[in-house]
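What follows is one structure encoded as structure tokens, with my remarks underneath.
In what follows, every heavy atom counts, from backbone to side chain, and hydrogens, waters and symmetry copies are set aside.
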Amino acid sequence: MLTAVASTATATEAPPFSEHEASYAVTRNGDALGVLQSSLTRREDGLWHYRVESEATAFLVRVLGLSTTEAAWFAWTDEAVLPLTYHHVAERPGRDRFWQHRYDWTELHTDTTTHNGETRVPLAAGAVDPLTLRLAAAGEIAAGRGGEDLEFLVVERDELETQQYRFLRRESLIVDGRCFDTQVYERFRKEGSSRNYIAWHAPAIGGLPVRIVYVDDGDTIVIELDDWSPATALPEPGACPADANTG
């Protein structure tokens, strides 16, 4: 299936993002919680693979064995993300959770396997998953729709949902000693969802987030960039200019 899609993908303008390796520090209420590793690679046939893996490093949480992995294959065609597969695994002692989507764009549904069994989720043009959502947002921002509220169809575990990317502000943000110009969005799934977050998208790294903040049950979880390769994509170290918009 992946090869077939690659051979028929329409030639299109290059995406705003590029291949990279990155790591993000994860804190909860200011205390170190873990690290998140991400990679975006492109096959010779043009298909992309995006993988994000988190692992707890704080001693107590490490003993509990918490980790989460998300991965997706997708094509970039007609200046948009076209998801092909999505895989999500959350490992916790005694309660592992997972789901996997294989997209059928001809019949407009996913073939989905979860820890509760198999199902199908209806699709519609433009639909993405929780991981490729970040790339789709980067594409919209790069296409000149930054500064606007955005709406996406997102395939969750067992249903297709309309979710919002609400524009909040532009902000110059110091991350790891470097000043990033960012556009700040609230990703809103629904009231009380653990997938609601605030994201600071930076054109310097292809419109991907340099910071993501979740607030859940009184806890504030911050995921912030601390390494990116190739480093040539990053701004030079230094403070933001005095006239920068700092929110």
Gap separating the CG atom of D216 from the CZ atom of R28, nearest 0.5 angstrom: 10.5 Å
Classify the ring geometry between H88 and W99 as parallel (under 30°), tilted (30 to 60°) or perpendicular (over 60°). parallel
In terms of heavy-atom contacts, does CD of E236 have more than 12 from other residues, nucleotides or ligands at under 6.0 Å? no
How close do S18 and L40 get, counting heavy atoms only, and between which atoms? O-CD2, 3.5 Å
Do V52 and L36 have side-chain heavy atoms sitting under 4.5 Å apart? yes
Checking side-chain hydrogen bond (donor to acceptor under 3.5 Å, both in side chains) against R120, which of D111, D104, D158 comes through? D111
Could you tell me if the side chain of V26 sits less than 4.5 Å from the side chain of V222, heavy atoms only? no
Is a side-chain donor or acceptor of Q183 paired with a backbone partner of G147 at a separation under 3.5 angstrom? yes
Side-chain (H109) to main-chain (V121) donor-acceptor, under 3.5 angstrom: no
Considering all heavy atoms, the nearest A202-V210 contact: CB-CG1, 3.7 Å
Side chains of T182 and E171, heavy atoms from C-beta outward: is any pair under 4.5 Å? yes
Identify whether F188 and I223 are in the same connected component of the hydrophobic contact network (ILVMFWY, side-chain heavy atoms under 4.5 Å). no
Between D181 and R170, is the salt bridge (Lys or Arg N to Asp or Glu O under 4.0 Å) condition met? List the steps. CA-CA 7 Å; D181 292 326; R170 289 181 169 84; over 6 Å; no
Do the rings of F17 and W76 sit parallel, tilted or perpendicular, given the 30° and 60° boundaries? perpendicular
Report yes if some heavy atom in the side chain of E151 is under 4.5 Å from a heavy atom in the side chain of T162; otherwise report no. yes
Non-hydrogen atoms of W73 and W48 that approach each other most closely: CE3-O, 3.1 Å
Against the six-membered ring of Y165, is R187 placed for a cation-pi contact (under 6.0 Å from the centre, within 45° of the normal)? no
Side-chain contact, heavy-atom cut-off 4.5 Å: T112 with Q100? no
Are L133 and I221 linked, directly or through intermediate hydrophobic residues, by side-chain heavy-atom contacts shorter than 4.5 Å (ILVMFWY only)? yes
Checking V128 against V155 for the side chain to side chain contact (heavy atoms under 4.5 Å, CB included) test, could you report, in this order, the C-alpha distance in whole Å, the side-chain angles of both residues, the deciding distance, and whether it holds? CA-CA 6 Å; V128 292; V155 183; over 6 Å; no
Under 4.0 Å between a Lys/Arg side-chain N and an Asp/Glu carboxylate O for R51 and E70? no
Shortest non-hydrogen contact from A32 toward T27: CA-CG2, 4.2 Å
Less than 4.5 Å apart, side chain to side chain, heavy atoms only: is that true for Y197 and V215? no
Q163 and E156: side chain donor to acceptor below 3.5 Å: yes
Are L33 and V213 in one and the same hydrophobic cluster, where Ile, Leu, Val, Met, Phe, Trp and Tyr link if side-chain heavy atoms are under 4.5 Å apart? yes
ILVMFWY network linking Y185 to L168, side-chain heavy atoms under 4.5 angstrom: yes
ILVMFWY cluster, F98 and L131 together (side-chain gap under 4.5 Å): no
N29 side chain to T220 backbone, donor-acceptor under 3.5 Å: yes
Over all atoms of both residues, closest heavy-atom pair of L150 and R145: CD2-O, 3.9 Å
Is there side-chain contact between Y86 and P130, with heavy atoms separated by less than 4.5 Å? yes
L47 backbone acceptor or donor facing R42 side chain under 3.5 Å: no
According to the interplanar angle, ranging from 0 to 90°, do the rings of W105 and Y103 count as parallel (below 30°), tilted (30 to 60°) or perpendicular (above 60°)? parallel
Taking all non-hydrogen atoms of both residues into account, name the closest pair between R178 and P235 and its distance. NH1-O, 2.5 Å
Can you tell me how far NE2 of H101 sits from CG of D129, rounded to the nearest 0.5 angstrom? 7.0 Å
Just by distance, do the side chain of D227 and the backbone of S23 share a donor-acceptor pair under 3.5 Å? no
As a quick check of understanding, evaluate side chain to side chain contact (heavy atoms under 4.5 Å, CB included) for S38 and H20, giving each step before the final call. CA-CA 8 Å; S38 74; H20 65 266; 4.1 Å; yes
OG1-CZ distance between T110 and R157, expressed to the nearest 0.5 angstrom: 13.0 Å
Nearest 0.5 angstrom please: L153 CG to L160 CG, how far? 5.0 Å
Is there side-chain contact between W228 and I205, with at least one heavy-atom pair below 4.5 Å? yes
Give, for atom OG1 of T132 and atom CZ of F74, the distance between the pair rounded to the nearest 0.5 Å. 7.5 Å
Between F180 and S172, is the side chain to side chain contact (heavy atoms under 4.5 Å, CB included) condition met? List the steps. CA-CA 6 Å; F180 288 86; S172 295; over 6 Å; no
Is a side-chain donor or acceptor of T114 paired with a backbone partner of G117 at a separation under 3.5 angstrom? yes
Mind checking the CD-OG spacing from E21 to S229? Nearest 0.5 Å is all I need. 7.0 Å
